[in-house]
Amino acid sequence: MSELLIQGGRPLNGETVVQGAKNSVLPMLAATILTGDTVEIENCPHLRDVTNSIRILEDLGCTARWQGSTLTVDTRGLDQYTVSDHLMREMRSSSVFLGPLLARIGAAELSYPGGCELGPRPIDLHVAGLRELGAEIRESGGMLHCQAGHLVGCELLLSIPSVGATENLMLAACGAEGITVISNAAREPEIVDLQNFLNSCGAEIRGAGTSTITITGGRRLHGCTYRCMPDRIVTATYLCAAASAGGLIFLRGANEAHLATVTAALRQAGCDICADHAGIACRCEERLRGIRSIRTAPYPGFPTDAQAVVMAALCRSQGVTVFEENIFENRYRHVGELCRMGADIRVSGRTAVVTGVENLSGAAVQSTDLRGGAALCVAALGAVGETRISAIHHIDRGYEDITGDLTALGARITRL
Ligand code: UD1
């Protein structure tokens, strides 16, 4: 099992290029099915979930090939509709294959995704919406058996603006006859990226980024070449690394418009952040200040995926910050590990109160989940001494090369 070794307590100084967005590329890979053609995705990150999506596509009869960071997928040969239980367990977000499989070949079979480290991850909204579009879905023995002779566009109202459900329904609606309107849709930038990708393939979708998305279905899609957006959570992580360790960094290719709530919080804490079309620069020279409260919420609110890394940066701030986690139940698992490093954090239900301490000290800690693991790196960079982080396979799920990136930013980090 690999580990990360980080020597903390030295300011960062350097620049790195931000990888493509995992949460954008995963639904996009499922969407390639709709084209029945060859699609080139540029800036595609090399991550295990991407490899798992490729394995699903290959099991379904498609082929894929890498050239640097460009992934070419050929979905002409698709002739299967079952996603293996093994791959479903590996990657919870594989449920996003449901919509495109139903739209392209009228059938899909996959196992019910279980919970994950963040707590239960239901897909009831996906299933209900697909049924309204005309799919017949049966659940038996932990499997979902889905059939759709003919999907027909309709009005769909989501009770929660779920990212996954919005994507799945957009994808299914591309294959439905007539117009589908999704209300209370999720507004995340990754959904705008998916709309832009699909429209480049010939789809007719409007409204992504707002709460109402309109899809005119039934159009014949074709292949395209598309550049995936930069990863806003990786961006947030490296900004927090600079906030924690101090110094001056530049994140090339990052887009501040995608993470305005995070940069606003870091500015309030005392970071100096400037952004232009080339990327984001962040300078932190003084001890951070606590910023009263951070409440996670669906976009454009504060992202749940950035909660852990911002918390890690604020462990050494002056003052108190109160976090409220409103999206997932089990998202404070990193707190115990931060406390091993000397942080003062008290959790009660969905609230975590961080009282800044003067110093953190290096320790042996364990990643508990993807963003929680990244938070430990952030804390370690600002801690006195050496931190050894284990279970880093969690971190690898979302960061293509965290060791290389942080080294480029001036950190002392080694992968053992
Ligand atoms: C996506 C992101 C994840 C991020 C999350 C919230 C991907 C691959 N993952 O996950 O990194 O943390 O958005 O920004 O893009 N819910 C239901 N029923 C459903 C679907 C969701 O009750 O059918 C609930 C969930 O339990 C959760 C909330 O809605 O409490 C938000 O979930 P959702 O937006 O669907 O997150 P994901 O798409 O799973």
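Hydrogens, waters and symmetry mates play no part in the numbers below; they use all other heavy atoms, side chains included. In each ligand, atom 1 is the first atom listed, and ligand 1 is the first ligand listed.
- With a 4.0 Å heavy-atom cut-off, ligand 1 is reached by the backbone of L125 and by its side chain too.
- Applying the ring-ring contact (aromatic ring centres under 6.0 Å, His included) criterion to Y226, with sequence neighbours excluded, gives F197.
- Of all the atoms in ligand 1, the ones that sit under 4.0 Å from a non-hydrogen atom of H126 are 23 (O).
- Which parts of ligand 1 touch G164 is read off a 4.0 Å heavy-atom cut-off, strictly below it: atoms 35 (O), 38 (O).
- Counting heavy atoms of neighbouring residues, nucleotides and ligands inside a 6.0 Å radius, atom CD of E136 does not exceed 12 of them.
- For S162, a nitrogen or oxygen atom sits less than 3.5 Å from a nitrogen or oxygen atom of ligand 1, counting backbone and side chain alike.
- Using a 4.0 angstrom heavy-atom cutoff, P303 does not count as in contact with ligand 1.
- Using a 4.5 Å heavy-atom threshold, the side chains of I179 and I215 count as separate.
- In the candidate list T296, V163, L370, V163 is nearest to atom 33 (P) of ligand 1, counting heavy atoms.
- Around atom CZ of R295, no more than 12 heavy atoms belonging to other residues, nucleotides or ligands sit under 6.0 Å away.
- If you run side chain to side chain contact (heavy atoms under 4.5 Å, CB included) between M28 and each of N23, D193, L171, L71, only D193 comes through.
- The part of F328 lying near ligand 1 is the side chain, judged by heavy-atom distances below 4.0 Å.
- Residue contacts with ligand 1, taken as heavy atom pairs separated by less than 4.0 Å, involve D305 solely via side-chain atoms from C-beta onward.
- H46 meets the ring-ring contact (aromatic ring centres under 6.0 Å, His included) test with W66; sequence neighbours excluded.
- Of all the heavy atoms of R331, the ones lying under 4.0 Å from any atom of ligand 1 belong exclusively to the side chain.
- Distances shorter than 4.0 angstrom do not occur between any heavy atom of E190 and any atom of ligand 1.
- Taking each of S94, S93, P122 in turn, the one with a heavy atom nearest to atom 26 (O) of ligand 1 proves to be P122.
- Proximity of I327 to ligand 1, defined as any heavy-atom pair under 4.0 Å, is shared by backbone and side chain alike.
- Taking CZ of R76 as the reference point, atom OG1 of T63 lies at 7.5 Å (rounded to 0.5 Å).
- Below 3.5 Å of separation, one finds an N or O of D124 facing an N or O of ligand 1.
- The shortest heavy-atom distance from M91 to ligand 1 is not under 4.0 Å.
- For the atom pair CD of E256 and OG1 of T263, the computed distance is 3.5 Å after rounding to the nearest 0.5 Å.
- Between the side chain of T75 and the backbone N or O of C62, no donor-acceptor pair lies under 3.5 Å.
- Looking at ligand 1, you'll find an N or O of R92 within less than 3.5 Å of one of its N or O atoms.
- Counting only N and O atoms by type, the side chains of Y238 and D405 include a donor and acceptor under 3.5 Å apart.
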